[in-house]
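Since the structure comes first, as structure tokens, the remarks are kept for the end.
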Amino acid sequence: MDFDMESMASAIGVSVPVLRFLLCFVATIPVSFLVRFIPGAFTRHVYSAFTGASLSYLSFGFSSNLHFLVPMLLGYAAMLLCRRRCGVITFFLGFGYLIGCHVYYMSGDAWKEGGIDATGALMVLTLKVISCAMNYNDGLLKEDGLREAQKKNRLLKLPSLIEYFGYCLCCGSHFAGPVYEIKDYLEWTERKGIWAKSEKGPPPSPYGATIRALIQAAFCMGLYVYLVPHFPLTIFTDPVYQEWGFWKRLGYQYMCGFTARWKYYFIWSISEAAVIISGLGFSGWTESSPPKPKWDRAKNVDILGVELAKSAVTLPLVWNIQVSTWLRYYVYERLIQNGKKPGFLQLLATQTVSAVWHGLYPGYIIFFVQSALMIAGSRVLYRWQQATSNALFKKMVVFINFAYTLLVLNYSCVGFMVLSLHETLASYGSVYYIGTILPIVLVLLGYIIKPAKPVRSKARKEQ
């Protein structure tokens, strides 16, 4: 068996651990399909927990499940013993343990060298555990002071241990997301809410959407395998790269970012297929006639939305969608004081949490600080766009925002890929830090060139 695995891994150009992970990862699709035939909510919880733990064992080994148990048990103990503070306690304990694992395993280096470990799955699990605890904490609060997301997701009673384990380890999302709420998971297993039979009939067939996700996954992997040999990341410290002209270096950075994204598109497409075929990915019906099913709960990326983004502000809405939603609900919105508008500090704090969640490599930290600057600069352009009534000028600003987003995103993401401080600064310095200087200049100009507020009509003033 080892010989077969080694031969197969060698044939497709990956290590044996990565091949083992990919086989288990793809296996989440048939395993998720079988949950449709499991009778009873309790049995579904057992099935979800058992299959998630089993695939983790086959992929990463026995120690992976021990790592998963730590934040799961800490979070449940916090909910059981200290409900009024369980959200904050779980947030810091969960992230503390995740950071410890990041430091111990240094997963980024392993991933760059073709290795794999359970840290990626632990990242997803950490967000699930924290959201569950925070929602249980919110169940004590009065609805009047809660945001819409808090009202929708809050838990009035403690989930049972088997419900909690099933939610945390549900195999369709265990390896790479998407992250979803425990309230949705419970309604899905109990066939309540949108999963109950209604006047629109039973929940829709998932097969068409699953096939679409699988075709997308195959295309993404094919393109990634074709492109990746042509754009190695090791070149940024190579003397040959330094001899290139400015525009060629900038173009190479774009192609490195463009190439790397297709790997993530592949991974998220497989996860999307698994969650859709289980039925959990169903998120309701459109308002069209006849109504069509929506599968937004399973969706983690909008490929065209990323590659053709008109503004950096929209990127969190189309890239790693469910994690971006988690960050908005559980970090960004909770840092906004009542009666005040959010500012750059809330954005920077949210991006810092995202950086720490990914790992403590300098490249991650720099990338997410860059992201906060990029979004802040894009907001300035958007304000200028909205302030003018000149159609030509408005179109020019829209194009500038598109070009700005394209340039700064692909410049910034080199740090996310190479991780080390030396390589990150070498790549940024090779294009004269243009992707750092541009956002800072725009933010400063935003304070100087403030667009006039729209003039209210006399009729509106008299109302």
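All values below come from the heavy atoms of this structure, side chains included, with hydrogens, waters and symmetry mates left out.
Using a cutoff of 4.0 Å between basic side-chain nitrogens and carboxylate oxygens, R297 and E272 are not scored as salt-bridged. Taking the charged nitrogens against the carboxylate oxygens, E307 and R261 do have a contact shorter than 4.0 Å, which makes a salt bridge. E181 has no carboxylate O lying under 4.0 Å from a charged side-chain N of K183, or vice versa, which leaves the two without a salt bridge.
In the model, S56 has a side-chain atom that pairs as donor or acceptor with a side-chain atom of H174 under 3.5 Å. Judged purely by distance below 3.5 Å, without hydrogens or angles, the side chains of N135 and Y330 pair a donor atom with an acceptor atom.
Heavy atoms of other residues, nucleotides or ligands lying less than 6.0 angstrom from CZ of R85 number 12 at most. The environment of CZ in F95 is crowded: more than 12 heavy-atom neighbours from other residues, nucleotides or ligands sit within 6.0 Å. Residue Y57 places its OH atom among 12 or fewer non-hydrogen atoms of other residues, nucleotides or ligands, all under 6.0 Å distant. Sparse packing is recorded around CZ of F92, with 12 or fewer heavy atoms of other residues, nucleotides or ligands lying under 6.0 Å away. F50 CZ: 12 or fewer foreign heavy atoms inside a 6.0 Å radius. More than 12 non-hydrogen atoms from other residues, nucleotides or ligands lie less than 6.0 angstrom from NZ of K151. The number of heavy atoms from other shown groups lying within 6.0 Å of OH (Y254) is above 12.
Looking at Q322, its side chain does come within 3.5 Å of a backbone N or O of K299 through a donor-acceptor pair. In this structure a side-chain-to-backbone donor-acceptor pair under 3.5 Å is missing from S64 to F60.
Atom CD in E187 sits 6.5 Å away from atom CH2 in W195 (nearest 0.5 Å).
Judged by the 6.0 Å and 45° rule, K128 forms a cation-pi pair with Y180. Taking the ring axis of Y329 as reference, the NZ or CZ atom of R334 does not stay both within 45° of it and closer than 6.0 Å to the ring centre.
Every residue meeting the side-chain hydrogen bond (donor to acceptor under 3.5 Å, both in side chains) condition with S131, not counting sequence neighbours, appears here in chain and number order: Y167. Every residue two or more places apart in sequence or in another chain was checked for a salt bridge (charged side-chain N to carboxylate O under 4.0 Å, His left out) with R383, and none qualifies. Qualifying side-chain hydrogen bond (donor to acceptor under 3.5 Å, both in side chains) partners for T90, counting only residues two or more places apart in sequence or in other chains: none. In this structure R249 satisfies the salt bridge (charged side-chain N to carboxylate O under 4.0 Å, His left out) test with no other residue, sequence neighbours excluded.
Residue H45 is tested with Y185, W188, F165 for a ring pair (Phe, Tyr, Trp, His ring centres under 6.0 Å); the sole match is Y185.
Relative orientation of the Y364 and H358 rings is tilted, given thresholds of 30° and 60° on the angle between their planes. Ring pair F21/F25 is parallel by interplanar angle, where below 30° counts as parallel and above 60° as perpendicular.
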Which donor-acceptor pairs under 3.5 Å do side chains of residues 368-377 form with protein atoms, sequence neighbours excluded?
from: Q370; atom 1: OE1; to: T436; atom 2: OG1; distance (Å): 2.5
from: Q370; atom 1: NE2; to: S412; atom 2: OG; distance (Å): 2.9
from: Q370; atom 1: NE2; to: G435; atom 2: O; distance (Å): 3.1
from: S371; atom 1: OG; to: F367; atom 2: O; distance (Å): 2.9

For residues 275-283, please give each side-chain donor-acceptor pair under 3.5 Å, one per line with the distance, not counting sequence neighbours.
from: S278; atom 1: OG; to: V275; atom 2: O; distance (Å): 2.7
from: S278; atom 1: OG; to: L280; atom 2: N; distance (Å): 3.2
from: S283; atom 1: OG; to: K294; atom 2: O; distance (Å): 3.3
from: S283; atom 1: OG; to: D296; atom 2: N; distance (Å): 3.0

